[in-house]
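Working notes, beginning with the structure itself.
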Amino acid sequence: MHYKCRLCFKQQPLKVANSVLNPLPKQTEIFSIAGIEKSGEMVISRALRRFWRSYSTVSSDRLRFCIVGSGPAGFYTADKILKSHEGAEVDIVDRLPTPFGLVRSGVAPDHPDTKIVTNQFSRVVQNGRCSFIGNVSLGASISLAELRELYDVVVLSYGAESDQALGIPGEELAGIYAAREFVWWYNGHPDCRNLAPDLKSSDTAVIIGQGNVALDVARILLRPTSELATTDIASHTLAALEESSIRKVYLVGRRGAAQAAFTAKELREVLGIKDLFIEIQQADLSKTPADEEELKRNRIKRRIHELLSKAATSAASVCSPGQKELHFVFFRKPDRFLESDCRSGHVAGLRLERTILKEDVGSGRQIAVGTGLFDEMECGLVLKSVGYKSIPVDGLPFDHHKGIVPNVRGRVLSEASGDAQVEKGLYVCGWLKRGPTGIIATNLYCAEETVASISEDVERGLVTSSSSLSKPGREGLLQLLDSRNVKIVPFGGWEKIDSEEKRRGSLKNKPREKLTTWQELLEVATK
């Protein structure tokens, strides 16, 4: 059968749709499944509705699921759905032509073991009932309302692609970046290919925040480039680091060593960088009774404090000439960024307010409050690692204060107030559900909870169509995207990207040489 033929599509729409996403070994091109007039409008046309009625061949008991976002939360959700719902059809949609979310664009290049989880995710999408559909942007290629019309269940797991702002004067100055942007830059994300941070004009970088992302960024700036050269770090980043003048990195946190948010594993790794001078003020390691109580309750925090104390006592008292430096700065919060006198519009430093800790009556936590005493610090590069932020889309209830979609165990609520109703067939998982916290495995438990809610609702008959007609799912989605000239990238397209990256990497003794522009990624995917 010629799958490009409209007649074939009318006779066997599901088979044709599947052939696009799961082609035979020699049939790898992405082609049009035209058959509806191209409108380009973000509405569901009457013609498309007639198409559903005429050609839907899936029985009403086969549920169709769409998961938006192909990071860990999305793949874990897909895996749980496939195992819990026999006959279910699952499509994982992503705005990028590459799957795996932050495993690809967030995990540091010198952490290859963490990326092995992609092998598990690949097995999920190779299930005959599951497909990856890349290069599809929610809100631009298709609306949420349309996805809900097409599928019985929509699960949103597209994470957090923006950043928290500090909201202080000078934040718009050149040389100040979100840590997320810097991470995307060194991991070859196509959105940040042209970031080009200036690493030559100053020898000092300040990182605001003391979590794992902050340590990742510090490590990339300070680790010998000869060690990074054998990782999958983006080639444009490696070239910039090889010419970098950055020798001093300051990690600035509002609270003390007892409250530092990084993990012991990440801390040990940065403390173990070859020939690195470490500075931690002994006064910052002193513990109040409240600190003692906090450390007593938290073994991980206690271990971190021990590692910092050991590093402070064993560190050399004087930095050697040419030696790189890492300074841990506690009890400081940024007050304003300072503009350069000789480079208009560029950051030259920041003013920091000293803080003390006081107990928050509501939460019982120790919070940092300003003292009115200030210090200034010179630098030419600032990386803000103060939290990722999710972005709402049209038609999606959103709690702007918490930065999440209001939900109960993954069921999306119509609003954040107490009188909210459950949105039928709409669910959420991952950072969009709980906020940007946890490790990769945290998303497994998060997905289990969301899928449990879905299963409960299926059993109660709350997610099935109110009409006798099946929802069109995958074939309807592909038809609509084709009518808008959206060139999808199926998993086979990603496999071409994967193969080409590994081929290029083998020439440089790297696991892969990432394709880092939209044009390159799409060209290779559609060969």
Can you list the steps and then say if Glu449 with Arg409 is a salt bridge (Lys or Arg N to Asp or Glu O under 4.0 Å)? CA-CA 6 Å; Glu449 180 182 68; Arg409 297 176 59 84; 3.5 Å; yes
Derivation and outcome, side-chain contact (heavy atoms from CB on, under 4.5 Å), residues Leu215 and Ile207: CA-CA 9 Å; Leu215 286 188; Ile207 301 170; over 6 Å; no
For [X], does the [atom1] atom sit with more than 12 other heavy atoms under 6.0 Å from it, leaving out its own atoms?
{"X": "Gln421", "atom1": "CD", "value": "no"}
{"X": "Arg254", "atom1": "CZ", "value": "no"}
{"X": "Asn119", "atom1": "CG", "value": "yes"}

Does [X] have its ring centroid less than 6.0 Å away from the ring centroid of [Y]?
{"X": "Tyr186", "Y": "His236", "result": "no"}
{"X": "Tyr76", "Y": "Phe121", "result": "yes"}
{"X": "Phe100", "Y": "Trp494", "result": "yes"}

Check: [Y] main-chain N/O paired with [X] side-chain donor or acceptor under 3.5 Å:
{"X": "Asp94", "Y": "Ser70", "value": "yes"}
{"X": "Arg255", "Y": "Ala368", "value": "no"}
{"X": "Glu181", "Y": "Ala178", "value": "yes"}
{"X": "Ser141", "Y": "Leu138", "value": "no"}
{"X": "Lys389", "Y": "Glu161", "value": "no"}

Heavy-atom pair with the smallest gap, counting every atom of [X] and [Y]:
{"X": "Lys471", "Y": "Arg148", "answer": "NZ-O, 2.7 Å"}
{"X": "Tyr158", "Y": "Ile391", "answer": "OH-O, 2.6 Å"}
{"X": "Leu228", "Y": "Ile233", "answer": "O-CG2, 3.5 Å"}
{"X": "Gly410", "Y": "Lys433", "answer": "N-CE, 3.8 Å"}
{"X": "Ile300", "Y": "Asn298", "answer": "N-OD1, 3.1 Å"}
{"X": "Ala264", "Y": "Ile304", "answer": "N-CG1, 4.0 Å"}

Do [X] and [Y] have side chains that get closer than 4.5 Å, going by heavy atoms?
{"X": "Ser157", "Y": "Ile67", "value": "yes"}
{"X": "Phe182", "Y": "Leu221", "value": "yes"}
{"X": "Pro190", "Y": "Leu521", "value": "yes"}
{"X": "Thr118", "Y": "Arg104", "value": "no"}
{"X": "Trp431", "Y": "Cys446", "value": "no"}
{"X": "Ser131", "Y": "Phe491", "value": "no"}
{"X": "Asp498", "Y": "Arg512", "value": "yes"}
{"X": "Leu515", "Y": "Ile497", "value": "yes"}

Assess the residue pair Lys80 and Glu448 against the criterion (salt bridge (Lys or Arg N to Asp or Glu O under 4.0 Å)); give the C-alpha distance rounded to whole Å, side-chain angles, the decisive distance to 0.1 Å, and a yes or no. CA-CA 7 Å; Lys80 297 297 176 186; Glu448 285 177 344; 3.3 Å; yes
Is [X] salt-bridged to [Y], going by a charged N under 4.0 Å from an acidic O?
{"X": "Lys487", "Y": "Asp482", "value": "no"}
{"X": "Lys384", "Y": "Glu171", "value": "yes"}
{"X": "Glu89", "Y": "Arg129", "value": "no"}

Angle class for the His85/Phe65 ring planes (parallel below 30°, perpendicular above 60°, tilted otherwise)?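 His85 vs Phe65 ring planes: tilted.
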Is the Phe398 ring parallel, tilted or perpendicular to the His400 ring (thresholds 30°, 60°)?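 Rings of Phe398 and His400: perpendicular, as their planes differ by over 60°.
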Apply salt bridge (Lys or Arg N to Asp or Glu O under 4.0 Å) to Lys510 and Glu513, showing your working. CA-CA 7 Å; Lys510 298 176 65 175; Glu513 183 68 69; 3.3 Å; yes
Rounded to the nearest 0.5 Å, how far does [atom2] of [Y] lie from [atom1] of [X]?
{"X": "Asp360", "Y": "Arg365", "atom1": "CG", "atom2": "CZ", "result": "7.5 Å"}
{"X": "Cys66", "Y": "Leu144", "atom1": "SG", "atom2": "CG", "result": "9.5 Å"}
{"X": "Glu520", "Y": "Glu500", "atom1": "CD", "atom2": "CD", "result": "8.0 Å"}
{"X": "Tyr388", "Y": "Asp163", "atom1": "OH", "atom2": "CG", "result": "7.5 Å"}
{"X": "Asn187", "Y": "Thr231", "atom1": "CG", "atom2": "OG1", "result": "9.0 Å"}
{"X": "Ile142", "Y": "Leu477", "atom1": "CD1", "atom2": "CG", "result": "5.0 Å"}

Begin with the C-alpha distance, continue with both residues' side-chain angles, and end with the deciding distance and a verdict on side chain to side chain donor-acceptor pair (under 3.5 Å) for Thr517 and Arg193. CA-CA 7 Å; Thr517 68; Arg193 170 63 179 85; over 6 Å; no
Under the criterion side-chain contact (heavy atoms from CB on, under 4.5 Å), which of Asn443, Val428, Val405 is the partner of Arg434?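 Single pass found, and it is Asn443.
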Test side-chain contact (heavy atoms from CB on, under 4.5 Å) applied to Thr114 and Val103, Val107, Ile439, the passing residue: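 Testing each of Val103, Val107, Ile439 against Thr114, the sole residue satisfying side-chain contact (heavy atoms from CB on, under 4.5 Å) is Val107.
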So which of Thr450, Asn407, Asp457, Thr77 actually passes side-chain hydrogen bond (donor to acceptor under 3.5 Å, both in side chains) with Tyr427?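 Among Thr450, Asn407, Asp457, Thr77, the one meeting side-chain hydrogen bond (donor to acceptor under 3.5 Å, both in side chains) with Tyr427 is Asp457.
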List the steps and the verdict of side chain to side chain donor-acceptor pair (under 3.5 Å) for His111 and Arg219. CA-CA 11 Å; His111 285 176; Arg219 197 175 64 253; 3.3 Å; yes
Might you work through the side-chain contact (heavy atoms from CB on, under 4.5 Å) test for Val422 and Val412, ending with a clear yes or no? CA-CA 6 Å; Val422 171; Val412 173; over 6 Å; no
Please evaluate residues Lys502 and Asp232 with respect to the criterion salt bridge (Lys or Arg N to Asp or Glu O under 4.0 Å), reporting the C-alpha separation (whole Å), side-chain torsions for both, the decisive distance (0.1 Å), and the verdict. CA-CA 10 Å; Lys502 288 176 178 176; Asp232 68 357; over 6 Å; no
Side chain to side chain donor-acceptor pair (under 3.5 Å) between Ser143 and Glu146, intermediate numbers included: CA-CA 5 Å; Ser143 70; Glu146 288 169 329; 3.2 Å; yes
Run the side-chain contact (heavy atoms from CB on, under 4.5 Å) check on Asp216 and Val183 step by step: do they pass? CA-CA 8 Å; Asp216 279 347; Val183 169; 5.6 Å; no
Output, in order, the C-alpha distance, side-chain angles, deciding distance and verdict of side chain to side chain donor-acceptor pair (under 3.5 Å) for Glu475 and Gln479. CA-CA 6 Å; Glu475 65 267 32; Gln479 183 74 58; over 6 Å; no
